[in-house]
Chemist: 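Sending over a structure as structure tokens; questions will come in a sec.
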Amino acid sequence: MAVSGRLHLCTPIHNRVGSRHSEGFLITVCQSFPQWLDSRGAHGIPGLSEAGTNLLFRPYGYVLGLVVLVIGCSIWGLVTGQPEVIVWLTLGYLAYEISLTLFLFVATALGIAAWQRGYRPPCPEAAHPVSVLIAAHNEADCILETLTSVFGQVGVVPEVIVASDGSTDGMNEMLIRTFGLTAVDGQERWCGEVPRADTAPARLTLLALPKVGKGAALNAGLRVAEAELLVTLDADTLLAPRALLELAATFEDGVTVAAGGFIYVRGAAGGPWMVRHQYLEFFRNFMWRIGLAHCGVCLQVSGAFGAFRTAALREVGGFSEATLVEDYEIIYRLHEVYQRLGRVYAVRVAPAAVAYTDAPRTPWAFVKQRTRWFAGFLNTLWDYRRMIGAPSYRAIGCFMLPVKVVDALLPIWGITSLFILVGAFLFGREQWRWYAVALFGAKWLYDLVLTGLLVSLHERTFPGRPLSLGRARLVLTILTEAIGFHWFRQAAVLNAYRWFGFGIRRWEQARWQPAGGKPPVRTAAPALSWLGFGKRQQDHSQP
Amino acid sequence: VTCVAVCVGRYVRAGAGTREGNKRHSGKVMPIRCGPAARVVCRADSMAGGRGAGPPRGGQTTCLVLSSVTWSGCSRVSRPEIRIFADKPKCISCNICTRVCHMGIDVMGYASQGRPMDDVECVRCAACVTSCPMDVLSFGMTGKEHPHDPASRLYQLRRGASVPGSAVTGSQL
């Protein structure tokens, strides 16, 4: 296939407009190939031409094939008993992980440097109006605290919408009683005002929906949101006092369509080991995201605390109601639609917007949550496979999604490597034992050094936000990661492959039918008819 | 005295830099020089130390670009903000507030000393306020007259202290 594309330095997209920094260093083939566009991804959005867009080029096949080939060959070599394959397999896995994390670290350092140069403390008077949308199902025990932390925000008086997704634990009644809400539209919509000492009262809307699913609940909230920005918040996520102000300030440039905050896991210092590991994991991930957003390839804005331009959300059709990870899917859709429309846009991270979330405390809850996340990731990647490797999606298509493909299949490789190393240590000859020990040691050391660098970067950047875990606990957490936490993560991944294979694609299926059946899912249509929200039409072919 | 440092050097936010822009931005303008050695004593100094409304910062502020954290710290003092105050004599040290805190903050430590909550991790979720059996804790605004704020005129009058007129006027915002 002849590609006559121009090679040029592709600067991060958010740096091209409204900023004087341009540390772009991703060299990608940037050219638009309209004839390659896939008509299946049109989302029914005006402006996205569907005519003449028969898909001629599906590069995802090549990418996927290559990754499967490499992994398959190495595992085949192992089965047929070639000892050098063991070396290649384990070393290859480590080399990939190390090179990726090194890239991420450099990107993060550059991203933080650029952010610090461009950062202005936001001005409360100029803050965008914000709607905060909390989709909650049976969260009576924590929603009040969350709401209080939202209403106590500095500089922003948000309009808060609680979309109660069929709550049966008395959450609706509690909110109605506590805030003195009055019914506006039958028994489904309640409104009230929360007085504040310093500013105008904040408005609180409660949508008492039947059980419709998280995506549908979010869409119902999106429908009634009036502000320019929509912040999605989990009911168990508490906001730091300036979080909304900082997050809203990210949208000042006019091109940002989505921005994520920095989420820490709370209660790590005195919590169980599972929470400590997740604290470290969240910390690493959110640091990486600063780097990814700097490169213009951020694929993740956490729904637990993320902001979207309301108009952009409506334009791309709202949240998906047929996915396990609606916050992840929406970013893919935003990228796809905006790249195809040729708009200048940015998905960013606001490192100064801080939130604290709850993490599963027991291994079982953790595996369940991670299974849902990873299965959702696999489903989303498969749904948007047309973007993988496609040059028309620029750095997202050419760099980030191929990396995601490797990430999706890497656990197979990782688990095999892990078993090999453990096997080599337990049953192998002496040189194999030394090999296993050396490799494990090197990985441990690398993790320690890298996390140490990240922590010092964090300390240097945010001196007012010390990490909850002290140094000794951090080191202990890093060292025990490979022994305990990692295995639970891998168990979740294996379970997620099973979900993916059986086509479990919705929260409801995940909750009620873990065996892999496909029960009829109650649709949102009748309940939400008064909101004028039908189910979003989208092609969801089963893998 | 409300004091917010505004950088009038190279790195200014849109609208600032001009006299009008600065006024709109903060109120009181305090120009500072940009550069690695740019350090001025913030006029909120007395407030920062006297009110106990924040960690000791020495009242110093630097260029926005070099140390945004210091700057926003200064800004925190000058802008009214919702905060949790404690009525020290009522505290019976039952430790319920610390136990219910979602962020693991030693709330009782603050309450038993009568200090307003200034932990950076406090999210004002009110878990401690609502669970306190003795109503020790309450919400209030910094810069407003709150009876449990040690820097407020009301507090000092209640404690029988003589109140110098200028020192405790609080924020004029």
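Bear in mind the structure is a predicted one, so any value in this text is a computation, not a measurement.
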Chemist: Which residues in residues 90-100 of chain B have any heavy atom closer than 4.5 Å to a heavy atom of chain A?
Modeler: none
Chemist: Quick check: closest heavy atoms across B:Cys122 and A:Pro241, and the distance to 0.1 Å?
Modeler: O-CD, 3.5 Å
Chemist: Which one, A:Thr148, A:Leu239, A:Asp358, A:Val150, leads in non-hydrogen pairs under 4.5 Å with chain B?
Modeler: A:Thr148
Chemist: I would like to know whether A:Tyr356 and B:His102 meet side-chain contact (heavy atoms from CB on, under 4.5 Å); could you show each step before the answer?
Modeler: CA-CA 9 Å; A:Tyr356 303 91; B:His102 291 289; over 6 Å; no
Chemist: Which region of A:Tyr264, side chain (C-beta onward) or backbone (N, CA, C, O), has a non-hydrogen atom less than 4.5 Å from a non-hydrogen atom of chain B, or is it both or neither?
Modeler: neither
Chemist: Where on B:Cys101 is there a heavy atom nearer than 4.5 Å to chain A: the side chain, the backbone, both, or neither?
Modeler: neither
Chemist: For the residue pair B:Val120 and A:Pro466, what are the closest heavy atoms and their distance?
Modeler: CG2-CD, 4.3 Å
Chemist: Name all residues meeting the side-chain hydrogen bond (donor to acceptor under 3.5 Å, both in side chains) criterion together with A:Arg284; count only those two or more places apart in sequence or in a different chain, and write none if there are none.
Modeler: A:Thr451, A:Glu481
